[in-house]
Amino acid sequence: MLTYDFTGQVAFVTGASAGMGAATARAFAEAGAAVALVDLNHSAVDALAAELADQGGQALALRCDVSDEDQVADAVTRTVEAFGRLDMAFNNAGIMPPPADAADEPAEAFDTVTAVNLRGVWASMKHELAQMRSQGSGSIVNCSSLGGLVGGAGRAAYHATKHGVLGMTKSVALQYARLGVRVNAVCPGTIATPMVDRMSAAGELDLDATLAGTPMGRLGEPEEIAASVLWLCGPASSYVTGVALPVDGGFTAQ
Ligand code: NAD
């Protein structure tokens with residue numbers, strides 16, 4: 001993996017207690033950044049903050065539901081109070097509803113996934129941007145999905161949120177292109193995280209079919225998403241903004 005030196009910089013990661021959020025928070029800390037760990041699951045982010053502190057890192061655990069704008073605003077404020085600035089953000093918190101025939105899907109299911117996956121990213125960007133605008137610098141990476149690039153039968157609501165994340169990413173990237181703030185998205189394929197474990201256990205994901213349909217023939221690892229997020233946040237991608245980067249073992253090349 002490329003190595004980075006983010007000493008003196010501050011990262012904000014939502015959905016930091018598990019999966020690709022936890023892997024990215026660890027990678028930021030290993031690269032020297034102070035990290036705000038933002039998640040619904042407070043005990044898990046507390047434990048991760050303690051782990052990172054034991055390794056000599058600086059981490060702040062923040063309980064926050066990203067679907068609640070006030071909580072997101074407070075999390076950003078507390079991050080800046082603790083660490084003095086905000087340089088990088090990975091807006092990653094997301095949920096996957098059970099698959100549904102679009103003719104039968106309850107409105108509540110649509111509203112719940114939209115509140116977290118779409119409005120959560122909107123609220124996170126909004127409050128991160130206010131700080132980054134005042135600094136004149138920053139780099140934001142939003143978590144979309146291969147579901148932001150292609151459709152999925154039974155997945156209309158989830159894929160709508162992930163397509164929406166790309167629309168926000170590109171629009172904000174254009175708005176901030178001359179203001180020192182870059183905004184990009186990663187589009188993970190199927191990654192070995194607790195989300196995928198739960199889907200597989202519930203019979204909502206056929207792993208054999210997924211592997212057969214993935215050109216590389218394997219799941220991605222959360223650390224492979226972390227590597228792409230750090231690249232998008234760091235100086236090596238200084239001329240990159242508004243992209244939707246597939247990290248999917250070749251899935252969307254088909
Ligand atoms: P995960 O379920 O393993 O972890 C998600 C984390 O987000 C958990 O720590 C959870 O507590 C937190 N979270 C959930 N709702 C929240 C909320 N309202 N506020 C704050 N935190 C919340 O998921 P993952 O697989 O690591 O997925 C991370 C992101 O990647 C999600 O946006 C997901 O849609 C997306 N994604 C996942 C895959 C995959 O194959 N795993 C593929 C493409 C995209």
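In each ligand, atom 1 is the first atom listed, and ligand 1 is the first ligand listed. Being a predicted model, the structure only gives us computed values, none of them experimental.
Close contacts of ligand 1 with Ala18, meaning ligand atoms under 4.0 Å from a residue heavy atom, involve 4 (O), 9 (O). Every atom of ligand 1 with a heavy atom of Gly189 under 4.0 Å away is listed here by number and element: 38 (C), 39 (C), 40 (O), 42 (C), 43 (C). Counting the atoms of ligand 1 from 1 in the order shown, those under 4.0 Å from a heavy atom of Asp65 are 17 (C), 18 (N), 19 (N). Close approach to Cys143 involves these atoms of ligand 1, each under 4.0 Å from a residue heavy atom: 29 (C), 30 (O), 35 (C). Close approach of ligand 1 to Thr190 (heavy-atom distance below 4.0 Å) involves ligand atoms 40 (O). For ligand 1, the atoms closer than 4.0 angstrom to any heavy atom of Ser144 are 44 (C).
Closest to atom 37 (C) of ligand 1 among all protein heavy atoms lies Met20 CE, 3.4 Å. With respect to atom 7 (O) of ligand 1, the closest heavy atom belonging to the protein is Gly15 CA, 3.3 Å. Atom 40 (O) of ligand 1 has Ile191 N, 2.8 Å as its closest protein atom, hydrogens excluded (heavy atom only). The single protein non-hydrogen atom nearest to atom 11 (O) of ligand 1 is Asp39 OD1, 2.6 Å, given as residue, atom name and distance.
If you chain together hydrophobic residues whose side chains sit under 4.5 Å apart, Val113 and Leu205 fall into the same group. Taken together through direct or relayed side-chain contacts under 4.5 Å among Ile, Leu, Val, Met, Phe, Trp and Tyr, Leu166 and Met125 form parts of separate hydrophobic clusters.
Under the 3.5 Å distance criterion, the side-chain polar atoms of Asp39 are matched with a main-chain donor or acceptor of Ala16.
Neither side chain, Thr14 nor Asn91, offers a donor N or O lying under 3.5 Å from an acceptor on the other. Counted by atom type alone, Asn41 and Ser43 present one or more donor-acceptor pairs between their side chains at under 3.5 Å.
In Cys64, the part holding a heavy atom less than 4.0 Å from any atom of ligand 1 is the backbone. At a heavy-atom cutoff of 4.0 Å, ligand 1 is contacted by the side chain of Arg198 but not by its backbone. Under 4.0 Å from ligand 1, the heavy atoms of Val196 that appear belong solely to its side chain. Contacts of Val116 with ligand 1, taken as heavy-atom pairs under 4.0 Å, involve the side chain alone. Here Ile95 has side-chain heavy atoms under 4.0 Å from ligand 1, and that is the only part of it that gets that close.
Between Met195 and ligand 1, an N or O atom pair is found at a separation short of 3.5 Å.
Side-chain contact between Leu149 and Pro246 is present, with heavy atoms from C-beta onward closer than 4.5 Å.
Applying the salt bridge (Lys or Arg N to Asp or Glu O under 4.0 Å) test to residues at least two apart or on different chains, none of the pairs has a partner in residues 173-199.
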